[in-house]
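Data block below; observations after.
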Amino acid sequence: MQEFSEFESLLCRPSSEKNLEFQRHGRLKHIIAASQLTPPLLDKLCRSAELIRRMNRHPDGNRRLRGLLAHKRAMLYFTQPSTRTFLSFMAACQILGIACNEVRDPKTSSEVKRESKMDSIRMFSSYFDVIIMRSQIADFAECCAYLMNDLERQERRSVPIINAGAGSDEHPTQALLDMYTIIRTFDFDENSDSRPSRLNALRQTYPGLTPGPSHKTYAFCGDIGRGRTVRSLATVLSQYEGVKLVFVSPQHEVLVMDDELRQRLKASGAEVHEFNSLDAELGGSSLLGQIDCLYMTRIQREHNSSDTEREISEIDLEPFRLSVERVGKLKQYTPIMHPFPRDCVVGEIPTEIDSDPRAMYFRQARNGMWARAALLVHLFDEADSLYFAYSDVNRSRV
Ligand code: NCD
């Protein structure tokens, strides 16, 4: 049986090469990295998410959805804390009729009897049809995907691996739900039922506001260095045309963007700017007034060493916190996003912002359920059955 270390030599290859191993005939086989989420694939997944969301409103749609993957079982292997990702994957499975089981505390598994992590994963693949996993070890999910590929080559049982958060590195399914939220927000097609009326009306005030994720300024604020949601979403956004990416973080070495991400984003053609306050100016005028989408994050204290904890606790975080005044400077349509949890002590988004129509974070979390259900449908190659069920249900409702 292979061990983790045996796959290490595969890790440092370019993502274009690695991503080929995470797909089969152009369809996702595993989801490990955000760079797998190309604009055409995102369009497909968001369309499916939209159908699932609409079908789920009605009992007959609900029933059809529950039949789609009722023959599948999922393992949720979450050895790092999680509320939203865990529960939204579980809810997504329930929507599709997938039975779930979970291991959240490795102390309750045979890892305490010195079973290797790779043996545990292979055991899960014996009983379940997909492994959805979160780990503090950045490369663990990727190594598990290589293990599954090896097993497939040996004509043994192999199942899809879904990376639900890997250390401070990647969180591709969060990028998926963030993109679904952005795509829904900037969908101005009145027929698409994506609740665009408020924003559509605002297009008269902002004639430059175009549909879709392209040609927009996205600002990320908070812990840029260790926020895996930031890394993953920025990677996806950098594939769209005319995108400006602005990063606002305290000037501490662990909190600013790392050079690898900076170089990668610039190489993809995105315009990248970095600031140390939300009150900064970009091109001579207020940054806040130029942002089309604001993505707030918390300081990831759990990664701090005791020295870093002391240094960070001395930093004034006020320039990285929203206030009614700062929100007042944003465009009237700018969605305020946050992957959550927010830090209720630091208060990067005070609760008084929650009633602002631009506060998108609770909707964003709910979108995770639809987007993750769409991902499962795609992984199991049931998108055609979904479209068929959708038109069937719609026909019978007319
Ligand atoms: C994020 C995570 O776990 O990376 N949360 C999430 O999945 N919704 C963000 C965070 O923990 O700050």
Side-chain angles (χ1 to χ4, degrees), residues 31-34 37 49 76-93 102 104 132-142 162-182 218-237 247-250 252 254-258 261 293-304 308-309 312 317 320-322 335-349 354 359-373 375:
I31 174 96
I32 304 301
L37 298 171
L76 294 160
Y77 180 44
F78 276 59
T79 54
Q80 221 191 4
S82 174
T83 305
R84 273 146 294 271
T85 308
F86 180 83
L87 291 177
S88 65
F89 261 118
M90 185 168 256
C93 287
E102 63 184 76
R104 301 196 73 173
I132 305 166
M133 56 185 290
R134 166 173 286 199
S135 164
Q136 66 274 33
I137 306 169
D139 304 317
F140 188 27
E142 187 174 337
I162 298 180
N163 174 2
S168 54
D169 188 33
E170 278 270 13
H171 197 345
T173 69
Q174 179 72 37
L176 169 63
L177 76 92
D178 291 340
M179 285 308 297
Y180 177 48
T181 305
I182 291 168
Y218 297 87
F220 296 85
C221 175
D223 193 338
I224 305 301
R226 301 173 299 181
R228 56 191 174 192
T229 65
V230 174
R231 295 174 68 78
S232 289
L233 180 58
T235 301
V236 173
L237 285 170
F247 299 92
V248 182
S249 67
H252 184 284
V254 302
L255 303 177
V256 292
M257 180 157 45
D258 72 49
L261 180 63
C293 177
L294 175 59
Y295 197 92
M296 299 295 294
T297 64
R298 71 183 173 92
I299 304 293
Q300 309 256 323
R301 287 208 136 82
E302 66 275 26
H303 299 296
N304 287 353
T308 320
E309 178 61 35
I312 290 182
L317 294 176
F320 312 97
R321 207 178 275 144
L322 279 185
I336 303 167
M337 298 174 64
H338 191 307
F340 266 34
R342 60 180 155 185
D343 184 327
C344 64
V345 178
V346 170
E348 64 273 10
I349 303 186
D354 296 358
M360 203 53 74
Y361 25 94
F362 287 105
R363 187 184 301 271
Q364 183 186 351
R366 182 163 168 82
N367 282 342
M369 191 168 66
W370 313 126
R372 287 174 169 132
L375 176 68

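In this chain, numbering begins with 1 at the start of the sequence shown. Atoms within each ligand, like the ligands themselves, are counted from 1 in listed order.
Looking at H171 and R134, their side chains do bring a donor and an acceptor atom within 3.5 Å of each other.
Below 4.0 Å from some heavy atom of Q174 lie the following atoms of ligand 1, by number and element: 6 (C), 7 (O), 8 (N).
Among H171, R301, R84, the residue whose heavy atom lies closest to atom 7 (O) of ligand 1 is H171.
Aromatic ring orientation, F340 versus F362: perpendicular (interplanar angle above 60°, classes split at 30° and 60°).
Listed for the T79 side chain is no donor-acceptor partner under 3.5 Å among the backbone atoms of S135.
A heavy-atom separation below 4.0 Å is found between P341 and ligand 1.
Counting only heavy atoms of the protein, atom 9 (C) of ligand 1 lies nearest to F340 O, 3.7 Å. Atom 3 (O) of ligand 1 has its closest protein heavy atom at R228 NH2, 2.9 Å. If you check which protein heavy atom lies closest to atom 12 (O) of ligand 1, you get R298 NE, 2.7 Å.
For A373, the side-chain contact (heavy atoms from CB on, under 4.5 Å) test picks out I52, A92, L96, with sequence neighbours left out.
With a 6.0 Å radius and a threshold of 12 heavy atoms from other residues, nucleotides or ligands, R104 has its CZ atom above the threshold.
For the pair T229 and ligand 1, the shortest N or O to N or O distance does not fall below 3.5 Å. For ligand 1, one of its N or O atoms has an N or O atom of P339 under 3.5 Å away.
Y295 places none of its side-chain heavy atoms less than 4.5 Å from the side chain of L237. Within the 4.5 Å cutoff, no side-chain heavy atoms of I132 are placed close to those of T85.
Of the heavy atoms in R134, only side-chain atoms (C-beta onward) come closer than 4.0 Å to ligand 1.
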